[in-house]
Number of protein chains: 2
Amino acid sequence: MTLAEENYLKAIFHLELESAGEVSTNAIAESMETKPSSVTDMVQKLAEKKMLVYKRYKGAQLTESGRKIAAGVIRKHRLWEVFLVEKLNFHWDEVHEIAEQLEHIQSEELITRLDQFLGSPDFDPHGDPIPDKHGVLKRTEKKLLAEIEKNHQGVCVGVKESSAEFLQYLDKKKISIGTKITVLGKEFFDGSMIIQVGSEQFFISHKIAENLYVQTV
Amino acid sequence: MTLAEENYLKAIFHLELESAGEVSTNAIAESMETKPSSVTDMVQKLAEKKMLVYKRYKGAQLTESGRKIAAGVIRKHRLWEVFLVEKLNFHWDEVHEIAEQLEHIQSEELITRLDQFLGSPDFDPHGDPIPDKHGVLKRTEKKLLAEIEKNHQGVCVGVKESSAEFLQYLDKKKISIGTKITVLGKEFFDGSMIIQVGSEQFFISHKIAENLYVQTV
DNA sequence: ACAAATATTTAGCTTTGCCTAAAAATAATA
DNA sequence: TATTATTTTTAGGCAAAGCTAAATATTTGT
Ligand SMILES: [Mn+2]
Ligand SMILES: [Mn+2]
Ligand SMILES: [Mn+2]
Ligand SMILES: [Mn+2]
């Protein structure tokens, strides 16, 4: 697998999680910041390699092999992110770009040993689950903060977006993984909320609330 | 700099250390396991980018910028090798291929932190010096075992070749960095030697002796 | 059901890095 | 010095991965 092929498989894997069924050419193009015509080319090549099944004008769906490779890349990405944060003391908003590069390093043994060195972590610094060596992703029952009702609470277990801007916003608000959040008020019109974090209470927009994963206790 | 460009600069850097003056197209091609015509192409491109000066039919010579980039890649390669051996417990004959990939990861900050994490090592697992962040390589006075006279001794401080085969041979003979070696006999005809390592004494060929660096005490 | 809008694919080009075969320059040798 | 031999460059091509513009399909709205 080339670097480009791995990136396509990874993107399709993520898109399949978001919504079942075939993944459209346009959706792939958007998520990879490339043109639909480029996607068609690559998707045809990956179909020939049996990494996915592709039906003209319908979309792509990963095969077992394709899914395995994608999960392997994601496993590497997330393990490296743990390394960067836990061992090199990077902040969680600084690691994604570097992991985008490290995820393509080819060596089974390296990942086996890295995993061991890190104590076989289950989650990356953004709360995302790390696939096991067979590509199996354990599903956790987490929900978006936006789904929490007034006067209920949850513990932050991850972020949906992990852009530096969003993560820095969370830092400013003292929200990180493990933080307890209570919904004090919820506006039906725009989905905005008043929440309590520690001793502070403040307003957050719907956009924030639907990018934060919590687990109810 | 692309991956290919970095590899060319690195190869030329190493060749310049071996013998001063311009580096020939053929020498580069051989060391990179590619064809001379490909080298001509790349060398012309690197000359346009001011990474080296190139005179047709004469060869290439790195500029200050080129040398700096090459040293940076070598610094990364060697730091990663230290990481693999010291932290992930790889054996010294297993790390080169992986470091060939890791050396191209782009992030100043990553290398700064990795260096710190490793305790700013001066040498890699093969005894090669690690350039500092400005690309400066400190020269150490080491000689080849082949240059040591009968009845003299030295401490192994590095290897010239670092192929897995050679390193495994050294393991078998219990030679590693720090090992004391005494030359008991030397055959002028073929440069072979009888040496003492610990309590064992045995025969080594000239090829072995000229790939092992020692420091005389 | 048909026209308009949208999504997707195809055709044709570009760049990077490599290759082979042929031409040109330099080095070696008789 | 003249002729080989070797080294290096040039010319012409190829595969990967991208792009734009044009052609087709599909979907949507009336
Ligand atoms: Mn990431
Ligand atoms: Mn992550
Ligand atoms: Mn190495
Ligand atoms: Mn080394």
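Order of the sequence lines sets the chain letters (A, B, ...), proteins ahead of strands, with each chain counted from 1.
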Assign the ring pair Tyr169(A) / Phe166(A) to parallel, tilted or perpendicular, where the plane angle (0 to 90°) is split at 30° and 60°.
parallel

So does Asn26(B) get a side-chain nitrogen or oxygen closer than 4.0 Å to the phosphate oxygens (OP1/OP2) of dT6(D)?
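For dT6(D), neither OP1 nor OP2 has a side-chain N or O of Asn26(B) closer than 4.0 Å.
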
Can you see if the side chain of Ser38(B) gets near the phosphate of dC19(C) - specifically, an N or O under 4.0 Å from OP1 or OP2?
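Indeed, a polar side-chain atom of Ser38(B) lies that close.
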
Could you give the [atom1]-to-[atom2] distance, from [X] to [N], as a whole number of Å?
| X | N | atom1 | atom2 | value |
| --- | --- | --- | --- | --- |
| Met32(A) | dC19(D) | CE | P | 10 Å |
| Asn7(A) | dA16(D) | CG | P | 17 Å |
| Lys35(B) | dT6(D) | NZ | P | 17 Å |
| Glu33(B) | dC19(C) | CD | C1' | 16 Å |
| Leu3(A) | dG18(D) | CG | C1' | 14 Å |
| Ile28(A) | dG18(D) | CD1 | P | 12 Å |
| Met42(B) | dT8(D) | CE | P | 18 Å |
| Leu46(A) | dG18(D) | CG | P | 11 Å |

Side chain of Thr25(A), heavy atoms from C-beta onward: which of dT8(D), dT9(C), dC19(C) has the nearest atom to it?
dT9(C)

Give a yes or no on whether the ring-centroid distance for His126(B) and His96(B) is below 6.0 angstrom.
no

Ionic contact status for Lys49(A) with Glu5(A), cut-off 4.0 Å:
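Result for this pair is yes, salt bridge flagged.
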
Using a strict threshold of under 4.0 Å (side-chain N to carboxylate O), is an ion pair present between Arg113(A) and Glu109(A)?
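Yes, this pair counts.
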
Donor-acceptor pair, Thr40(B) side chain versus Pro36(B) backbone, under 3.5 Å?
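Pair found, side chain donor or acceptor close to backbone of Pro36(B).
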
Under a 3.5 Å distance rule, please check whether Lys160(B) uses its side chain to pair with a backbone N or O of Asn211(B) as donor and acceptor.
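Side chain of Lys160(B) to backbone of Asn211(B), a donor-acceptor pair under 3.5 Å: no, none is there.
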
Can you establish whether the number of heavy atoms outside Lys68(A) located under 6.0 Å from its atom NZ is more than 12?
no

Grab the N/O contacts between the protein and nucleotides 10-13 of chain D below 3.5 Å, and write none if there aren't any.
unit_1: dT10(D); atom_1: OP2; unit_2: Gln44(B); atom_2: NE2; d: 2.8

By nearest-nucleotide position on DNA chain D, the 5'-leaning member of Ala4(A) and Tyr57(A) is Ala4(A)

